[in-house]
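Within every chain, numbering begins at 1; the chains are lettered A, B, ... in the order of the sequence lines, protein sequences first and strands thereafter.
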There are 2 protein chains.
Amino acid sequence: MPVPQGSTLDPDRTRSACLDVATELFYARGVDAVGVAEVCSTAGISKQTLYRHFGSKDGLVEAMVERRSERVWRWLEDAATAAGPAPQARLTAVFDALGGWFSEAEFRGCGVMNAVTQHRSAGLLRLAARHLDRYRGLLAAIAVDAGAADAAGTAEQLLQVLEGATLLASTSPHPADAARTGRDAALALLAASRT
Amino acid sequence: MPVPQGSTLDPDRTRSACLDVATELFYARGVDAVGVAEVCSTAGISKQTLYRHFGSKDGLVEAMVERRSERVWRWLEDAATAAGPAPQARLTAVFDALGGWFSEAEFRGCGVMNAVTQHRSAGLLRLAARHLDRYRGLLAAIAVDAGAADAAGTAEQLLQVLEGATLLASTSPHPADAARTGRDAALALLAASRT
DNA sequence: CCGGATCGGTACCGAGCGGTACCATCAACG
DNA sequence: CGTTGATGGTACCGCTCGGTACCGATCCGG
């Protein structure tokens with residue numbers, strides 16, 4: 001198979017490295033506050049290469065948001081799965097994982113929702129909807145296993161708590177507290193969801 | 001008293017009109033997407049006048065965020081008060097009022113949190129903290145009257161639901177549903193907060 | 001009626017932006 | 001070995017931004 005793998009000219013590797021840098025910079029300082037020139041110089045590529053891969057800055061932003069959404073969702077799924085089959089344990093694991101994230105010095109809230117708040121484009125709105133749907137799937141599975149009378153409604157409540165905790169943590173001086181508060185609220189809602 | 005009131009040269013009136021325009025434009029399209037020139041021309045004032053009143057664009061943004069925070073909080077307080085003394089009724093009134101807001105075509109989420117997401121400055125972080133504290137006071141009073149064992153903790157849970165509902169409504173095709181979901185979650189949490 | 005202050009309008013500045021053109025380089029392949 | 005295609009570097013373009021300087025008009029108190 002003719003797949004290049006260590007080469008300097010591997011397009012996939014270049015693209016991925018570029019997305020890594022874009023994710024970091026855009027998340028840390030905001031999409032508007034970082035120019036494509038800085039992304040290029042930090043990633044060690046030229047502007048031509050960036051534009052050949054992504055077409056425009058918007059294209060770069062959307063590609064990085066999509067990848068980020070998929071990764072953070074998979075990360076939460078893994079955390080839930082590792083907690084075993086009990087729905088309460090899985091929900092607890094989700095919020096505990098969030099707590100670890102919130103406590104990082106670089107934490108700035110949900111990158112997907114931040115991006116759509118900063119640039120309300122049709123593409124980002126669509127990506128945000130997909131992002132939230134992934135979360136809904138995760139939370140609905142927990143609600144179903146917990147015997148919720150209205151699993152979809154319960155999942156929506158849990159999603160509001162999750163996003164609310166994330167948003168409040170992003171401006172709070174004690175972000176880890178937001179995860180604990182969210183976990184308590186989520187567990188209470190899950191318990192109340194059985195008819 | 002020498003207060004000018006109808007004059008074209010009334011500084012307070014000019015300042016207020018300027019803040020009205022800034023509130024609308026910055027909220028509708030984002031702080032970065034609107035230049036001071038457009039704010040001035042829409043408000044019918046010159047750039048000199050704007051800079052004499054606010055010093056810089058950041059000053060204008062902070063002044064408009066502070067006013068918006070105070071107004072929306074007072075609006076929610078009034079909605080709760082009008083619902084009578086019962087804590088459940090007041091909490092319901094808060095989320096019903098939010099539902100009316102969410103349903104407006106111009107709704108774009110919480111203007112205060114949007115602003116701090118777009119421009120993470122120390123001033124805006126401070127204003128956001130004050131904004132959330134106002135909400136905490138409103139919700140804590142409800143939690144106390146409902147006999148919550150941990151009123152502050154319950155208020156924090158309700159705040160997460162409120163902000164989560166607002167954030168999700170801002171990207172949802174059915175924003176009013178978010179208010180109903182939030183109301184149900186908030187009432188369930190309030191019920192679960194006793195002992 | 002006049003002097004000072006404030007107003008709106010406009011031209012302007014330096015800087016940074018997103019995006020493009022051109023070129024020398026270098027690896028891959030026939 | 002020569003061709004091809006992708007790369008990094010750099011200069012450049014048109015545009016818009018936040019912010020300032022200057023001007024003539026307008027209002028006000030004395």
Between A:S69 and A:R130, a side-chain donor and acceptor under 3.5 Å |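 Not at all, the side chains of A:S69 and A:R130 share no donor-acceptor pair under 3.5 Å.
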For B:T181 and B:A178, indicate whether the former's side chain and the latter's backbone hold a donor-acceptor pair under 3.5 Å.
->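 Not at all, since once roles are kept as given, no pair shorter than 3.5 Å links the two residues.
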Does B:T42 use its side chain to pair, donor to acceptor, with the backbone of B:V39 at less than 3.5 Å?
->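 The answer is no, because no donor-acceptor pair under 3.5 Å joins these two groups.
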Using atom [atom1] of [X] as one end and atom [atom2] of [N] as the other, report the distance to the nearest whole Å.
X	N	atom1	atom2	result
A:H53	D:dG8	NE2	C1'	12 Å
B:F26	D:dC17	CZ	C1'	12 Å
A:Y51	D:dA6	OH	C1'	19 Å
A:L25	C:dC17	CG	P	12 Å

Report yes if some heavy atom in the side chain of [X] is under 4.5 Å from a heavy atom in the side chain of [Y]; otherwise report no.
X	Y	answer
B:L132	B:R136	yes
A:C18	A:F54	yes
B:R134	B:R74	no
B:M113	B:L167	no

Going 5' to 3' through nucleotides 8-13 of chain C and flagging B where a protein heavy-atom sits under 4.0 Å of the base, S where only the sugar-phosphate is that close, and - otherwise, we get BB----
Parallel, tilted or perpendicular: which describes the rings of A:W101 and A:F107, with under 30° parallel and over 60° perpendicular?
->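 It falls in the perpendicular class, over 60°.
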Which residues in residues 28-38 of chain B have at least one heavy atom lying under 4.0 Å from any atom of DNA chain D?
->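 Here the set is B:V34, B:G35, B:V36.
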